[in-house]
Number of protein chains: 2
Amino acid sequence: MKQEAKPATGAPTTLWDRTRQLASQEILETALRLFTEQGYDETTIAQIAREAGVSQRTLFRYFGAKEDLLGGGQDRFGQVLMDTISEQHADAGVWEALRAGVAAVLDLHDSREQALERFRLLHNTASLHAGWLEKRLRFQENLLPLIEARMDPAAGNEGAKARALIATAFACLDAASITWVANDGKGEIMDLYDECVAAVRG
Amino acid sequence: MKQEAKPATGAPTTLWDRTRQLASQEILETALRLFTEQGYDETTIAQIAREAGVSQRTLFRYFGAKEDLLGGGQDRFGQVLMDTISEQHADAGVWEALRAGVAAVLDLHDSREQALERFRLLHNTASLHAGWLEKRLRFQENLLPLIEARMDPAAGNEGAKARALIATAFACLDAASITWVANDGKGEIMDLYDECVAAVRG
DNA sequence: ATCATGGTTGGCAGTCACTGCCAGGTTGGC
DNA sequence: GCCAACCTGGCAGTGACTGCCAACCATGAT
């Protein structure tokens, strides 16, 4: 997964940028390690900052909130989702477009193991899960016009229906990833996703 | 909505219970008032406690968390959902059962205005929304066996599919309530819900 | 090489939600 | 009236998060 090198590397990379990059990565890795070792709620910001060698203040400047420490590319996530869906053929159905978006997002993980670890953490920590869902709401809102444009404009309440469709896609992704984690990463998430979508639309 | 008096009132009502009831109601009303007046995030626990005439400590004993101050019957909500769904005829389909549950839950609000106010607050306050979603995750988990039992056991992955169906129902409720709030309470939420479900299953 | 500059960092104090603990006071059964 | 069960308020403490300020340092101009 993710064979692409970051294209921004070609841009005028100042030393500051590189330092930032380094620090950011260090923090992220430390956080993920501690989270998996001792759990999310049991890991304090102070501990992460200490072990990553930065101050709490700096940590909060890099990542605005504790939950941002999971899922490193929090904004990249939303961006990829948007881009992928808007790139779909105009005559592709709503479900195909959403499926493509989900697939692209899943592809963002560095490895199968990392994906499994993140999902495991996510689904086992209520507070984290809630925060994640909240972030997803923002994505859903952004996606709204994209999906609405692909819907049959005949009947009314496109807004509500588009929202429902988007949220349903995410719901299926959730169900799929939970099951995937429960099976310790056996099989493909996308297969589970497809099964879920089929069950809902059945 | 909610014509039923609480059946527990007949039980041996001690003075303590009555006092508790009173205090609880006072806190709840104060909280809802302040929330709507100045917003959820702008209202502190200290302020609610002060205006309700109790200590912070007591407030937290009544309601474990700030978000519990919205949606008075936080646990009643889940209970009603479970009860209603399990009361459905055994041969009722999954969608009918879920629909009955959603309808019952919506019926819990004291009035249309209260429902509108709560939904408005909920959808306009990110932090609140997150907490609400977290609570909902627990309901979904509780519902799982109930829904699983009503599904076709032929194919595999009932767990994933049941989860997807439940989450989809909630997603439709969300989409419906958001639209309802956006329309200032015009029309019926259940009609919107039905439209959303139809769009998803279409 | 030097210096001004602007982005960067760390520490400190403070806010807010929330919890454990302890000292009262009130209620209910006897 | 008395004791036990229960409730309340206050206090101190934790943990996430923010604003503020002084020190810092890569960078570009001189």
Side-chain angles (χ1 to χ4, degrees), chain A residues 11-28 30-32 34-35 37-71 74 121 125-132 134-135, chain B residues 11-28 30-32 34-35 38-71 74 121 125-135:
Chain A
T13 309
T14 107
L15 194 152
W16 274 351
D17 289 336
R18 262 173 287 142
T19 309
R20 273 186 83 83
Q21 183 80 12
L22 254 291
S24 163
Q25 199 151 337
E26 174 70 23
I27 294 171
L28 232 37
T30 307
L32 186 58
L34 291 175
F35 287 164
E37 275 177 19
Q38 33 178 289
Y40 180 80
D41 288 329
E42 289 70 34
T43 304
T44 69
I45 292 285
Q47 190 184 10
I48 299 173
R50 205 181 321 124
E51 300 210 11
V54 296
S55 70
Q56 293 191 37
R57 201 62 194 80
T58 300
L59 192 152
F60 273 116
R61 263 192 280 260
Y62 277 72
F63 306 90
K66 189 180 179 184
E67 24 157 325
D68 290 341
L69 291 171
L70 204 71
Q74 69 274 40
L121 223 41
T125 312
S127 50
L128 239 183
H129 203 158
W132 162 242
E134 183 190 340
K135 194 167 298 170
Chain B
T13 309
T14 110
L15 194 154
W16 275 347
D17 289 336
R18 263 173 287 144
T19 308
R20 274 186 83 82
Q21 182 80 12
L22 253 291
S24 163
Q25 200 151 336
E26 174 69 23
I27 293 172
L28 231 37
T30 306
L32 187 57
L34 291 175
F35 287 163
Q38 34 178 289
Y40 179 81
D41 287 330
E42 289 69 35
T43 305
T44 67
I45 292 286
Q47 189 184 9
I48 299 173
R50 204 181 321 124
E51 300 209 12
V54 295
S55 70
Q56 294 191 37
R57 199 66 195 79
T58 300
L59 192 153
F60 273 115
R61 263 192 281 260
Y62 277 73
F63 306 91
K66 189 181 179 184
E67 22 156 327
D68 290 341
L69 291 171
L70 204 71
Q74 67 276 35
L121 224 41
T125 312
S127 50
L128 238 182
H129 207 153
W132 161 242
L133 289 175
E134 184 186 340
K135 195 168 297 171

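Below, read A as the first sequence line, B as the second, and so on, with proteins coming before strands; counting in each chain starts at 1.
For the pair A:L34 CG and D:dA16 P, the computed distance is 12 Å after rounding to whole Å. In this structure, A:E42 places its CD atom 14 Å from C1' of D:dT14, rounding to the nearest Å. Atom CZ of B:F60 and atom P of D:dC7 are 19 Å apart (whole Å). Atom-to-atom, CZ of B:R50 to P of D:dG9 comes out at 14 Å; the value is rounded to the nearest Å. In this structure, CZ of B:R18 is placed 16 Å from C1' of D:dC6, rounded to the nearest angstrom.
When the side-chain nitrogen and oxygen atoms of A:Y62 are compared with OP1 and OP2 of C:dT9, one or more of them lie within a distance under 4.0 Å.
With both pairing distances under 3.5 Å, D:dG9 is matched to C:dC22 as a Watson-Crick or G-U wobble pair.
Listed for the B:T44 side chain is a donor-acceptor partner under 3.5 Å among the backbone atoms of B:Q47.
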Distances for protein N/O vs nucleotides 21-25 of chain C N/O pairs under 3.5 angstrom?
residue, atom, partner, partner atom, Å
C:dC21, N4, B:R57, NE, 3.4

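Atom OG1 in A:T30 sits 10.0 Å away from atom CD in A:E37 (nearest 0.5 Å).
Looking at A:K135 and A:D68, their side chains come closer than 4.5 Å, going by heavy atoms from C-beta outward. Counting heavy atoms from C-beta on, the side chains of B:L32 and B:L69 never come closer than 4.5 Å.
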Give the intermediate values and the outcome of side chain to side chain contact (heavy atoms under 4.5 Å, CB included) for residues A:T125 and A:F35.
CA-CA 10 Å; A:T125 312; A:F35 287 164; over 6 Å; no

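Residue B:R20 has its side chain nearest to D:dT8 when only D:dC17, C:dG10, D:dT8 are considered.
Under a cutoff of 6.0 Å and an axis angle of 45°, A:K66 and A:Y40 form a cation-pi pair.
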